[in-house]
Amino acid sequence: MKVVILNDAAEVAKYGAEIFVKQINKKPDSVLGLATGSTPVAMYQELIAANKEGRVSFRQVSSFNLDEYLGLPGDHPQSYRYFMNDKLFNHVDIEKFRTNVPPGDANNPIEACLEYERMIEKAGGIDVQLLGIGRNGHIGFNEPSSSLQSRTRVKTLTKETVEDNARFFEEGEFQPQLSITMGIGTILEAKKVVLLATGEGKADAVKQTVEGPLSAACPASALQFHQDVVVIIDEAAASKLDDPDFYKYIETENRRLEKHLGL
Ligand code: PGA
């Protein structure tokens, strides 16, 4: 696992965005795996700026989001479809019909999950998957105890996740406790995975992910099995790692090697 430790959230956003810009410029019809939550927002702003500056075009890009609340239609302001339109899709030259978010209003959510898997496969698989991480180590809505080989399915949210996300809902407003989420097995099939985490609240989850035992207690630890993962974090999120200097040293050496090879 490659761990990149940066000074602050703004640098994390820039670094993450550059990976996506590079990917799309290398393969204009890239299939992106996208994420919601507060962490990716700054990275999406970087991508919007890059698109406006003409440094990247999303015209041929397609996308699959990790998850959606079950019970919310896509035009509900708290739905993740709405979030993606609002934070990214409405501001770049992506074709909306090529953007996919699990259908929170599906009549048959179980069938919708199977169909989502088929669609990812038909698109040729995900080239780069963006992830945030929950304080409890969840990725997508794969809460602790999720099977490390799980596929897209209906998942019940933990009390902690519901509380963490309550800030987005009005008092008394219906807040879903169920979701549709890509599984951990689905995520592990992405060709590349980029995980962003910032702030001290994520430090325990980051430590478990990078250094902890492989365990369903921390779903993100399953990423230890993936061959191309980059974990991009700020100093606060890195604060519980055993040896941050070692990760910084590796990154410096990687840069030196890339320069030497002209990459
Ligand atoms: P956050 O959520 O970016 O809002 O902290 C991350 C997650 O729960 O996956």
Side-chain angles (χ1 to χ4, degrees), residues 6 8-17 20 32-47 63-70 72 77-84 86-88 101-102 104 126 128-146 150 152 155-169 175-184 186-188 190 193-210 216-223 229-240:
L6 301 168
D8 54 32
E11 287 186 14
V12 167
K14 273 199 171 53
Y15 195 105
F20 281 84
L32 307 182
L34 298 176
T36 52
S38 42
T39 314
V41 173
M43 194 195 99
Y44 292 151
Q45 281 164 1
E46 293 289 337
L47 289 178
S63 70
F64 288 89
N65 260 77
L66 281 169
D67 48 13
E68 178 60 285
Y69 287 118
L70 199 54
L72 295 189
Q78 300 313 330
S79 74
Y80 285 171
R81 157 56 74 182
Y82 189 98
F83 177 102
M84 288 308 300
D86 187 43
K87 304 293 185 213
L88 181 65
V101 180
I126 290 168
V128 189
Q129 175 67 57
L130 178 66
L131 298 176
I133 185 169
R135 287 188 299 135
N136 63 7
H138 74 199
I139 45 177
F141 274 137
N142 295 285
E143 301 284 30
S145 84
S146 289
S150 50
T152 303
K155 191 75 191 144
T156 307
L157 308 181
T158 60
K159 202 166 155 272
E160 189 182 24
T161 299
V162 171
E163 281 167 12
D164 277 352
N165 292 352
R167 66 187 192 276
F168 299 113
F169 291 84
Q175 185 186 352
Q177 320 254 323
L178 295 177
S179 65
I180 293 181
T181 182
M182 276 188 207
I184 298 173
T186 320
I187 292 167
L188 289 177
V193 176
V194 175
L195 186 149
L196 309 184
T198 58
E200 216 179 320
K202 300 293 173 69
D204 280 316
V206 165
K207 181 181 169 50
Q208 291 303 315
T209 301
V210 176
C218 175
S221 67
L223 297 173
V229 179
V230 53
V231 173
I232 310 167
I233 52 181
D234 64 359
E235 292 281 357
S239 60
K240 297 207 170 151

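Remember, it's 1-based here, ligands and their atoms both numbered in the order they're listed.
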Peer 1: Among all residues two or more places apart in sequence or in another chain, which pass the salt bridge (charged side-chain N to carboxylate O under 4.0 Å, His left out) test with E46?
Peer 2: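 Scan of E46 (salt bridge (charged side-chain N to carboxylate O under 4.0 Å, His left out), adjacent residues dropped) gives K14.
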Peer 1: Are the side chains of K155 and S179 in contact, using a 4.5 Å heavy-atom criterion?
Peer 2: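 Yes, at least one pair of side-chain atoms sits under 4.5 Å.
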Peer 1: Under the salt bridge (charged side-chain N to carboxylate O under 4.0 Å, His left out) test, which residues partner E200, sequence neighbours left out?
Peer 2: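 Residues passing salt bridge (charged side-chain N to carboxylate O under 4.0 Å, His left out) with E200: none at all.
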Peer 1: Could you list, one pair per line, each nitrogen or oxygen of ligand 1 together with any protein nitrogen or oxygen closer than 3.5 Å, giving atom names and the distance rounded to 0.1 Å?
Peer 2:
| from | atom 1 | to | atom 2 | distance (Å) |
| --- | --- | --- | --- | --- |
| ligand 1 | 3 (O) | S38 | N | 3.3 |
| ligand 1 | 3 (O) | T39 | N | 2.9 |
| ligand 1 | 3 (O) | T39 | OG1 | 2.5 |
| ligand 1 | 4 (O) | S38 | N | 2.8 |
| ligand 1 | 4 (O) | S38 | OG | 2.7 |
| ligand 1 | 5 (O) | K202 | NZ | 2.5 |
| ligand 1 | 8 (O) | H138 | NE2 | 2.6 |
| ligand 1 | 9 (O) | H138 | NE2 | 3.4 |

Peer 1: Can you find a pair of side-chain heavy atoms, one from I180 and one from T152, that are under 4.5 Å apart?
Peer 2: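 Yes, their side chains come closer than 4.5 Å.
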Peer 1: What I'd like to find out is whether the side chain of D234 reaches to under 4.5 Å of the side chain of E11, using heavy atoms alone.
Peer 2: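 No, side chains not in contact.
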Peer 1: Suppose we screen for side chain to side chain donor-acceptor pair (under 3.5 Å). Which residues come up paired with D204, at least two apart in sequence or across chains?
Peer 2: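 Partners of D204 under the side chain to side chain donor-acceptor pair (under 3.5 Å) test: K240.
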